[in-house]
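Notes follow once the structure below has been shown.
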Amino acid sequence: MKKIGILTSGGDAPGMNAAIRAVVRKAIFHDMEVYGIYNGYQGLMEGNIKQLEIGSVGDIIQRGGTILYSARSEEFKTEAGQEKAIEQLNKFGIEGLIVIGGDGSFQGAVKLTQKGYPCIGVPGTIDNDITGTDFTIGFDTALNTIIDAIDKIRDTATSHERTYVIEVMGRDAGDLALWAGLADGAESILIPEKPHDFNMVIDRLKKGQERGKKHSIIVLAEGVGKGMDLGSKIQEATDMETRVTVLGHIQRGGRPTGFDRVLASRLGAKAVDLLLEGKAGRMVGIENNQLVDHDITHVLTSKHEVDMDMVNLANQLSI
Ligand code: ATP
């Protein structure tokens with residue numbers, strides 16, 4: 001394989017740039033040409049493609065976002081859209097494609113692989129909701145952004161003796177809420193994977209108040225419900241002064257942590273290795289600190305499970 005393409009797709013995640021850099025440098029190291037495809041699958045269909053050199057990826061390892069931009073494309077989900085994409089890949093002589101993104105992006109990679117274009121997926125999403133890898137690129141940075149925000153909120157929560165509900169990202173996945181809640185000693189953590197008992201949330205708040213606690217933090221994943229609704233219900237049920245903070249898109253940006261930079265570098269380089277070995281339709285991942293690869297179709301059909309030991313630990317530590 002002499003010419004490969006790379007694109008980022010779906011929601012951006014800190015560390016995607018470090019992964020792009022690793023792919024480009026590793027491929028050039030092996031005497032391959034690398035083509036950057038801008039704006040995800042939309043840009044692929046439109047031929048928004050430029051060759052990347054060693055210098056094209058200089059000074060980006062520390063930057064959040066993605067220099068290749070990202071887009072969501074409905075057209076690419078159609079047969080006609082995928083044919084257009086293949087025409088462009090042929091035009092540029094691109095023989096293999098590396099796709100950095102989440103499960104939606106991997107669906108696209110499977111379609112292209114089925115049409116004869118070898119694709120390798122690199123898990124890049126802050127949600128950490130992909131099976132076959134212990135961590136996705138961007139999760140650690142987003143987690144630390146949340147922790148930093150909650151630490152700051154805690155100062156004002158203590159000063160005013162308030163209860164705070166912090167709504168974090170995670171429509172279907174509770175990892176960000178769970179890890180942040182555990183790291184910040186939240187009184188309750190509400191995640192989509194586990195039904196919660198509102199009375200228990202209230203019980204804990206009241207018990208804490210009886211013990212003389214000055215503030216309480218509740219971390220809520222957005223997939224469970226709206227922070228504002230939970231905040232009003234708590235205020236009604238307890239009479240405690242309750243405030244709500246929705247962290248929103250701040251969680252997707254910022255300088256990637258050291259962990260995410262190293263993870264992205266390792267996964268990006270591994271993706272190039274797989275193309276060189278003639279593999280297709282695989283996703284690279286990390287399990288027990290070892291690089292692994294799995295069939296993408298298998299990844300897409302198995303559900304990411306939340307770590308119930310961690311859920312139980314968080315419950316035990318927040319008595
Ligand atoms: P995130 O986890 O951050 O949302 P994602 O990769 O899951 O990232 P999606 O918006 O679901 O993000 O998917 C990104 C793009 O992948 C879509 O806009 C579309 O172009 C392509 N895609 C998604 N599903 C399919 C599919 N079934 N077939 C072909 N392409 C798809």
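Computed from a prediction, not measured in an experiment: that's the story for all the values here. Note that ligands are numbered from 1 as they come in the structure, with each ligand's atoms numbered from 1 the same way. Note that the numbering runs from 1 along the sequence shown for the chain.
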* Could you check atom 28 (N) of ligand 1 against the protein and tell me its nearest heavy-atom contact, residue, atom and distance included? => Lys111 NZ, 3.1 Å
* Would you mind running through ligand 1 and noting each atom that sits below 4.0 Å from a heavy atom of Ser105? => 5 (P), 6 (O), 13 (O), 14 (C), 16 (O)
* To do: Examine Lys50 relative to Tyr38 and say whether NZ or CZ is less than 6.0 Å from the centre of the six-membered ring and inside a 45° cone about the ring axis.
  => yes
* Asked: Considering only heavy atoms from C-beta outward, does the side chain of His215 approach that of Ile153 to under 4.5 Å?
  -> no
* Under 4.0 Å between a Lys/Arg side-chain N and an Asp/Glu carboxylate O for Lys77 and Glu74? -> yes
* Just need the protein heavy atom nearest to atom 14 (C) of ligand 1, so name the residue and atom and give the distance. => Ser9 OG, 3.4 Å
* Asked: Which residue holds the protein heavy atom closest to atom 25 (C) of ligand 1, what is that atom called, and what is the gap in Å?
  -> Gln107 CB, 3.5 Å
* To do: Going by heavy-atom distance to atom 20 (O) of ligand 1, choose the closest among Gly10, Ala173, Ala13, Ser73.
  => Ser73
* Asked: Does Asp273 reach the side chain of Lys26, with side-chain heavy atoms less than 4.5 Å apart?
  -> yes
* Does the N or O separation between Gly11 and ligand 1 drop below 3.5 Å for any pair? -> yes
* By number and element, which atoms of ligand 1 are closer than 4.0 Å to a non-hydrogen atom of Tyr41? -> 16 (O), 20 (O), 21 (C)
* To do: Could you say whether the N/O atoms of Phe76 and ligand 1 ever approach to under 3.5 Å?
  => no
* Asked: Is the closest side-chain heavy-atom distance between Thr257 and Phe139 below 4.5 Å?
  -> no
* Is there a side-chain contact between Asp151 and Asp184, using heavy atoms and a 4.5 Å cut-off? -> yes
* Structure fact -> When distances are taken from atom 11 (O) of ligand 1, the protein heavy atom at minimum range is Gly104 CA, 3.4 Å
* Answer yes or no: does an N/O atom from Asp127 fall short of 3.5 Å to an N/O atom of ligand 1? => no
* Asked: Does ligand 1 have a heavy atom under 4.0 Å from the side chain of Thr125, from its backbone, from both, or from neither?
  -> side chain
* Asked: Just checking, is any N or O donor in the side chain of Asn289 or Arg266 under 3.5 Å from an acceptor N or O on the other one?
  -> yes
* With under 30° as parallel and over 60° as perpendicular, where do the rings of Phe259 and Phe135 fit, or are they tilted in between? -> perpendicular
* Per-atom contacts of ligand 1 with Gly108, taking only distances under 4.0 Å to non-hydrogen atoms -> 29 (C), 30 (N), 31 (C)
* **Residue portion contacting ligand 1 (non-hydrogen atoms closer than 4.0 Å) for Arg72** => both
* Closest contact, heavy atoms only, Pro14 versus Gly254 -> CB-O, 3.7 Å
